[in-house]
Trainee: 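Just passing along the structure, written as structure tokens.
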Amino acid sequence: MKEYICRICGYDNSPEEFWEDNNPTYTICPCCGGESGNEDYTIESAKDYRTEWIENDAKWFDKKHKPENWDLFNQLEKIPQEYK
């Protein structure tokens with residue numbers, strides 16, 4: 001199974017996956033800057049990184065990927081349920 005949604009911030013990275021068959025691809029999320037397999041390796045680590053990211057104003061790591069009408073709360077809703 002391929003995972004395209006960031007476990008930390010809910011960013012949809014299709015067609016590049018963050019995880020494949022429960023193995024991280026070590027892809028850096030252009031939104032929150034978290035690296036799959038590091039910052040999201042456990043549910044707790046994903047939540048901790050998310051909290052820190054939001055407390056620092058949820059700044060985009062790579063602003064060229066930021067949608068024009070980006071909405072943080074809509075994106076956070078896309079986080080896989082077990083990582084919320």
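Note that the structure is a prediction, hence the values are computed from the model and not measured.
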Trainee: Any sub-3.5 Å donor-acceptor pair from Asn56's side-chain atoms to Trp53's backbone N or O?
Mentor: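 No; zero donor-acceptor contacts below 3.5 Å.
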
Trainee: Hey, can you pull the donor-acceptor pairs under 3.5 Å for the side chains in residues 62-70, sequence neighbours left out?
Mentor:
| residue | atom | partner | partner atom | Å |
| --- | --- | --- | --- | --- |
| Asp62 | OD1 | Lys64 | N | 3.4 |
| Trp70 | NE1 | Gln75 | OE1 | 2.7 |

Trainee: Heavy-atom distance under 4.5 Å between the side chains of Cys31 and Cys6, does that happen here?
Mentor: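 A side-chain contact under 4.5 Å is absent here.
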
Trainee: So, using ring-ring contact (aromatic ring centres under 6.0 Å, His included) as the criterion, who are the partners of Trp19 when residues are at least two apart?
Mentor: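 Trp19: no ring-ring contact (aromatic ring centres under 6.0 Å, His included) contacts found.
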
Trainee: Are Trp60 and Tyr11 close enough that their ring centres sit under 6.0 Å apart?
Mentor: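 Ring-ring flag for Trp60/Tyr11: true, centres closer than 6.0 Å.
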
Trainee: Just wondering, more than 12 heavy atoms not from Lys59 lying within 6.0 Å of its NZ?
Mentor: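 Counting neighbours around NZ of Lys59, 12 or fewer heavy atoms of other residues, nucleotides or ligands fall under 6.0 Å, so no.
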
Trainee: Applying salt bridge (Lys or Arg N to Asp or Glu O under 4.0 Å), can you list everything that pairs with Glu17, at least two apart in sequence or on another chain?
Mentor: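 Counting only residues at least two positions away or on another chain, Glu17 forms no salt bridge (Lys or Arg N to Asp or Glu O under 4.0 Å).
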
Trainee: Output all residues satisfying ring-ring contact (aromatic ring centres under 6.0 Å, His included) with Phe18, sequence neighbours left out; order by chain, then residue number.
Mentor: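 ring-ring contact (aromatic ring centres under 6.0 Å, His included) check on Phe18 returns nothing, list empty.
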
Trainee: Can you tell me how far CG of Leu72 sits from CD of Glu77, rounded to the nearest 0.5 angstrom?
Mentor: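 Reported to 0.5 Å precision, the distance equals 10.0 Å.
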
Trainee: Roughly how far, to the nearest 0.5 Å, is OG of Ser36 from CD of Glu20?
Mentor: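 Nearest 0.5 Å value for the CD-OG distance: 11.0 Å.
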
Trainee: Give, for atom OH of Tyr83 and atom OG1 of Thr42, the distance between the pair rounded to the nearest 0.5 Å.
Mentor: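 Rounded to the nearest 0.5 Å, the OH-OG1 separation comes to 7.5 Å.
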
Trainee: SG of Cys32 to OH of Tyr49: how many Å apart, nearest 0.5 Å?
Mentor: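 Going from the SG atom of Cys32 to the OH atom of Tyr49 covers 5.5 Å.
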
Trainee: Are Tyr41 and Ile5 connected into the same hydrophobic cluster when the rule is that any two of I, L, V, M, F, W, Y join if their side-chain heavy atoms are below 4.5 Å apart?
Mentor: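 No; tracing contacts between hydrophobic side chains, which count when under 4.5 Å, never links both residues.
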
Trainee: Please name all residues satisfying salt bridge (Lys or Arg N to Asp or Glu O under 4.0 Å) with Arg7, sequence neighbours left out, ordered by chain then number.
Mentor: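 Residues passing salt bridge (Lys or Arg N to Asp or Glu O under 4.0 Å) with Arg7: Glu3.
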
Trainee: Side chains of Glu39 and Arg50: does their closest heavy-atom pair fall under 4.5 Å?
Mentor: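 They are not in contact (no side-chain heavy atoms under 4.5 Å apart), so the answer is no.
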
Trainee: Answer with yes or no whether the hydrophobic clustering places Tyr4 together with Ile8; edges join I, L, V, M, F, W, Y residues whose side-chain heavy atoms lie under 4.5 Å apart.
Mentor: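 No, because Tyr4 and Ile8 fall into different hydrophobic clusters, even though each may have its own neighbours under 4.5 Å.
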
Trainee: I'd like to check the salt bridge (Lys or Arg N to Asp or Glu O under 4.0 Å) partners of Glu55; sequence neighbours left out, ordered by chain and number.
Mentor: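 Here no residue qualifies.
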
Trainee: Nearest 0.5 angstrom please: Glu35 CD to Thr25 OG1, how far?
Mentor: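 It comes to 8.5 Å.
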
Trainee: Let me confirm one number: the CG-OG1 distance from Asn38 to Thr27, rounded to the nearest 0.5 Å.
Mentor: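 The OG1 atom of Thr27 is 11.0 Å from CG of Asn38, to the nearest 0.5 Å.
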
Trainee: Counting C-beta onward and ignoring hydrogens, is there a side-chain heavy-atom pair between Asn13 and Pro30 closer than 4.5 Å?
Mentor: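 Yes - at least one pair of side-chain heavy atoms lies under 4.5 Å apart.
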
Trainee: With a 6.0 Å cut-off (strictly less than), is the heavy-atom count around CD of Glu44, excluding the residue itself, greater than 12?
Mentor: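 Counting other residues, nucleotides and ligands, CD of Glu44 stays at 12 neighbours or fewer.
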
Trainee: So does Asp71 have more than 12 non-hydrogen atoms from other groups sitting under 6.0 Å from CG?
Mentor: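 Counting other residues, nucleotides and ligands, CG of Asp71 exceeds 12 neighbours.
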
